[in-house]
Each structure stands twice: as structure tokens, then as C-alpha cells.
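Here the structure is laid out as C-alpha cells; the discussion comes afterwards.
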Amino acid sequence: MIRKTLLLALASALLAVPAQAQSLDDVLENYYEAIGGVDAWLAVNSMRATGSLMIGPGVEAPFVLTVKKPKARMEFTFQGMTGIQAYDGETAWMLMPFMGKTEPEPVPEENVEDIKEMAEIEGELINYEEKGHQVEYVGLDTIEGTEVHHIKLTKEDGEIRNYYLDAEYYIPILVTGTSEQMGVVTETEQVLSDYKDVNGLMFPHSMETRAKGSPQGQTITIELIELNVDVDESIFDMPEAEEGEGQP
């Protein structure tokens, strides 16, 4: 009886090993392979993505995101007006006419990193050490019935992002973190889905961002992604304000 009990315990322990033996390196290696490989991602120097941003029930804002590392520009149309958020490699700026802002202006300091990240085509987990991030493998978890690998990323400025990778396919299905708007810090969730192969690289084509616990948020739907495209880099430069009323 003792021997049988020991054998059953040993068998149970051996069956449990695969789930417990995962390490950060194991998970990241599988993640990199699943999305197309580190070298292939780093070989992408420019990108153009077109799609739409759902900002309310039945309300869409078409957008174009253009990247030429380390520069980025998001241009979107709403209420017949065009808004811009851009980073020229040094300065993040925006133009928001539907908010009564008719001249380009610098992005508030708390939002600069968000604008700069648009130029990070490969994401935060590739070459994370060179970017000053720290990454740790938290372990297995479950998100709405799906088993996931939980990776915690701490950025150089202390901001924390949590990545949840599908345990079978090793692609991110949820990213959580914080965002700051007008001095108010909010916990956010970004649900990633509709992955498609673009020149051998896996991109999510649907991204829903919402406040934690909120039943709905803003959904970005990507229709087309083009890689290593020719880009006129002057589009990233902040235009000079036109002289007029209120100008010296």
C-alpha cells in the first residue's frame, strides 16, 4: 500500500512538471517564435496601418498610423475635422480641432510616452533589456476560461504592464496597465484579437481599450498593414503656428 501510494504521488508530480517547468526564457522564446521571430520584427523600419476607431455606438473615426522609427504620426478624422498625434523623434505634438485647438501644440507630459510608443513597431517585449525594462514570469493564470502565461513588465520609469499570453499559441490576448489623463490615473485593459499574418509577422487587427471593469471601451479595427513603406519624414514635424488672432 505504501509503495502504491508513493508511485501515485510520483506519477502525479511528473504529470505536473510541464506546467510548472516554464521559465521566462521558455515563454518569451515561444512568444517570439509565434509572432514571427525577433530578427524579422527588428528588420521592419517603417509601417503604415489604416483602419477605424470606434469612439461610441455607431460613431467611427477613420485613421492612418504612419511610422518611420523612431518617429510616428496618427491622423484621424472626426466630425469632418482631422486630428493628429505625432512624435518627430524628440518632440510629441498634437492638433485637435474638434476640441477647439486650431493650432498644433506639444502633448502634455503625462501622455508623451504613449505617443512615443506608437513608433515601437516590435512592441515592448522584444529587446526589453536594451529599452531599460525589467520582465518577470509571474506564472499561469486564466482569463475568461483561457489559460494564459502572465508576464509582468516594469518600465524604466516604474510603470507596470501585465501581458497575458494564450498558453497554447503564445500570443498576447490581454494587456493591463495604467493611463493618465488630466492628472487622473486609470487602470486600463487592452483586449487583443483577430491576429493576421502580415509578411510573416503576426499582428492583432482588433484592439479594445477600456477602463478596468468597464463593459466597453474604444475599439481599433485595422483594415490594412503595410511594412517597410516609403515615408516622407516631413510629416512628423510639428507645423509652425500661423500668425493671427492671439498670436504675437
Requested in this report: Report yes if some heavy atom in the side chain of Leu201 is under 4.5 Å from a heavy atom in the side chain of Val44; otherwise report no.
Outcome: yes

Query raised in the report: Would Leu65 and Arg48 satisfy side chain to side chain contact (heavy atoms under 4.5 Å, CB included), going step by step from the backbone distance to the final call?
Result: CA-CA 6 Å; Leu65 170 63; Arg48 183 181 297 113; over 6 Å; no

Query raised in the report: Is Glu117 salt-bridged to Lys155, cutoff N-O under 4.0 Å?
Result: yes

Query - Any Glu159 side-chain heavy atom under 4.5 Å of Thr154 side chain - result: no

Requested in this report: Is it possible for you to say whether Leu140 and Leu24 belong to one hydrophobic cluster, with membership spreading through side-chain heavy-atom contacts below 4.5 Å?
Outcome: yes

Query raised in the report: Around atom CD of Glu109, are there more than 12 heavy atoms of other residues, nucleotides or ligands at under 6.0 Å?
Result: no

Query raised in the report: Any Lys/Arg nitrogen of Lys71 or Glu90 sitting under 4.0 Å from an Asp/Glu carboxylate oxygen of the other?
Result: no

Query raised in the report: Are the side chain of Tyr87 and the backbone N or O of Gly89 linked by a donor-acceptor pair below 3.5 Å?
Result: yes

Report task. Please lay out, stage by stage, how Thr188 and Lys212 fare under the test side chain to side chain contact (heavy atoms under 4.5 Å, CB included). Result -> CA-CA 5 Å; Thr188 61; Lys212 186 176 181 180; over 6 Å; no

Query - Ser23 side chain vs Asp26 backbone, donor-acceptor pair below 3.5 Å - result: yes

**Report entry** Side-chain donor/acceptor of Glu226 to backbone N/O of Met47, under 3.5 Å
**Finding:** no

Query raised in the report: Where is the tightest heavy-atom contact between Ile115 and Ala86, given as atom of each residue plus distance?
Result: CG2-O, 3.5 Å

Query raised in the report: How far apart are the closest heavy atoms of Phe236 and Thr66, and which atoms are they?
Result: CE2-O, 3.5 Å

**Report entry** Main-chain N/O of Thr91 paired to Asp88 side chain as donor or acceptor, under 3.5 Å
**Finding:** yes

Report summary line: Rounded to the nearest 0.5 Å, the NZ atom of Lys68 sits from the CD1 atom of Ile235 at a distance of 10.5 Å

Query raised in the report: Should we say atom CG of Asp39 is surrounded by more than 12 heavy atoms from elsewhere, each under 6.0 Å from it?
Result: no

Query - Heavy-atom side-chain proximity of Ile84 to Pro104 below 4.5 angstrom - result: no

Query raised in the report: Does one side chain, of Glu124 or Tyr163, offer a donor that lies under 3.5 Å from an acceptor on the other?
Result: yes

**Report entry** Smallest separation among heavy atoms of Pro106 and Met94, with atom names
**Finding:** O-CE, 4.3 Å

Report task. Mark yes when over 12 heavy atoms from residues, nucleotides or ligands other than Glu29 sit less than 6.0 Å from its CD; otherwise mark no. Result -> no

**Report entry** Full working for salt bridge (charged side-chain N to carboxylate O under 4.0 Å, His left out) between Glu233 and Arg73
**Finding:** CA-CA 10 Å; Glu233 295 192 48; Arg73 174 187 173 111; over 6 Å; no

Query raised in the report: Quick check: are there more than 12 heavy atoms from other residues, nucleotides or ligands sitting under 6.0 Å from CG of Asp157?
Result: yes

Query raised in the report: To the nearest 0.5 Å, how far apart are OG1 in Thr82 and CZ in Phe63?
Result: 14.0 Å

Query - Value rounded to 0.5 Å, distance of CD1 in Ile121 from CG in Leu227 - result: 7.5 Å

Query raised in the report: Do Ile35 and Val38 belong to the same hydrophobic cluster, where Ile, Leu, Val, Met, Phe, Trp and Tyr are linked whenever their side-chain heavy atoms lie under 4.5 Å apart, directly or via other members?
Result: yes

Query - Stepwise side chain to side chain contact (heavy atoms under 4.5 Å, CB included) test for His133 and Leu125 - result: CA-CA 9 Å; His133 306 329; Leu125 292 175; over 6 Å; no

Query raised in the report: What pair of heavy atoms forms the shortest contact from Ala119 to Lys69, and how long is it?
Result: O-CG, 3.4 Å

Query raised in the report: How close do Tyr32 and Ile126 get, heavy atom to heavy atom, and via which atoms?
Result: CE2-CG1, 3.7 Å

Query - Note: Arg210-Glu187 ion pair, threshold 4.0 Å (strictly below) - result: no

Query raised in the report: Can you check whether Val148 reaches Leu165 side chain to side chain, under 4.5 Å on heavy atoms?
Result: no

Query raised in the report: So, the side chain of Ser46 versus the backbone of Val229: is there a donor-acceptor pair under 3.5 Å, distance only?
Result: yes

Query raised in the report: According to the ring pair (Phe, Tyr, Trp, His ring centres under 6.0 Å) rule, which pairs have a member within residues 190-211, sequence neighbours left out?
Result: Trp41-Phe203

Query raised in the report: Looking at CG of Leu153 and CD1 of Ile151, how far apart are the two atoms once the value is rounded to the nearest 0.5 Å?
Result: 9.0 Å

Query - Spacing of CD belonging to Gln190 relative to CG belonging to Leu174, to within rounding of 0.5 Å - result: 9.0 Å

Query raised in the report: If Ile, Leu, Val, Met, Phe, Trp and Tyr residues are connected whenever their side-chain heavy atoms lie under 4.5 Å apart, and connections chain through other members, are Ile160 and Ile143 in the same group?
Result: no

Requested in this report: Indicate yes or no: at least one non-hydrogen side-chain atom of Ile222 is less than 4.5 angstrom from one of Thr50.
Outcome: no

Query raised in the report: Do Lys101 and Glu103 sit within salt-bridge range, that is, some charged N less than 4.0 Å from a carboxylate O?
Result: no

Report summary line: In short, Lys131 meets Glu156 closest at the heavy-atom pair O-OE1, 4.0 Å

Query - Lys196 side chain near Met202 side chain, heavy-atom distance below 4.5 Å - result: no

Query raised in the report: Under a 4.5 Å cut-off applied to non-hydrogen side-chain atoms, are Val64 and Phe76 in contact?
Result: no

**Report entry** Transitive ILVMFWY side-chain link Leu224 to Leu192, under 4.5 Å
**Finding:** no

Requested in this report: Evaluate the side-chain proximity of Met207 to Thr219: yes if any heavy-atom separation is below 4.5 Å, no if none is.
Outcome: no

Report task. Ignoring hydrogens and angles, state whether a donor on the side chain of Tyr137 or His149 is under 3.5 Å from an acceptor on the partner side chain. Result -> yes

**Report entry** Full working for ring pair (Phe, Tyr, Trp, His ring centres under 6.0 Å) between Tyr31 and Tyr169
**Finding:** CA-CA 8 Å; Tyr31 161 68; Tyr169 299 105; over 10 Å; no

**Report entry** Value rounded to 0.5 Å, distance of CD in Glu144 from CD1 in Ile173
**Finding:** 8.0 Å

Query - Working for side chain to side chain contact (heavy atoms under 4.5 Å, CB included), residues Gln218 and Met54 - result: CA-CA 6 Å; Gln218 293 183 335; Met54 181 70 73; over 6 Å; no

Requested in this report: Flag yes if Met118 and Met238 sit in one hydrophobic cluster, no otherwise; membership is Ile, Leu, Val, Met, Phe, Trp, Tyr, and two members link when side-chain heavy atoms are under 4.5 Å apart.
Outcome: no

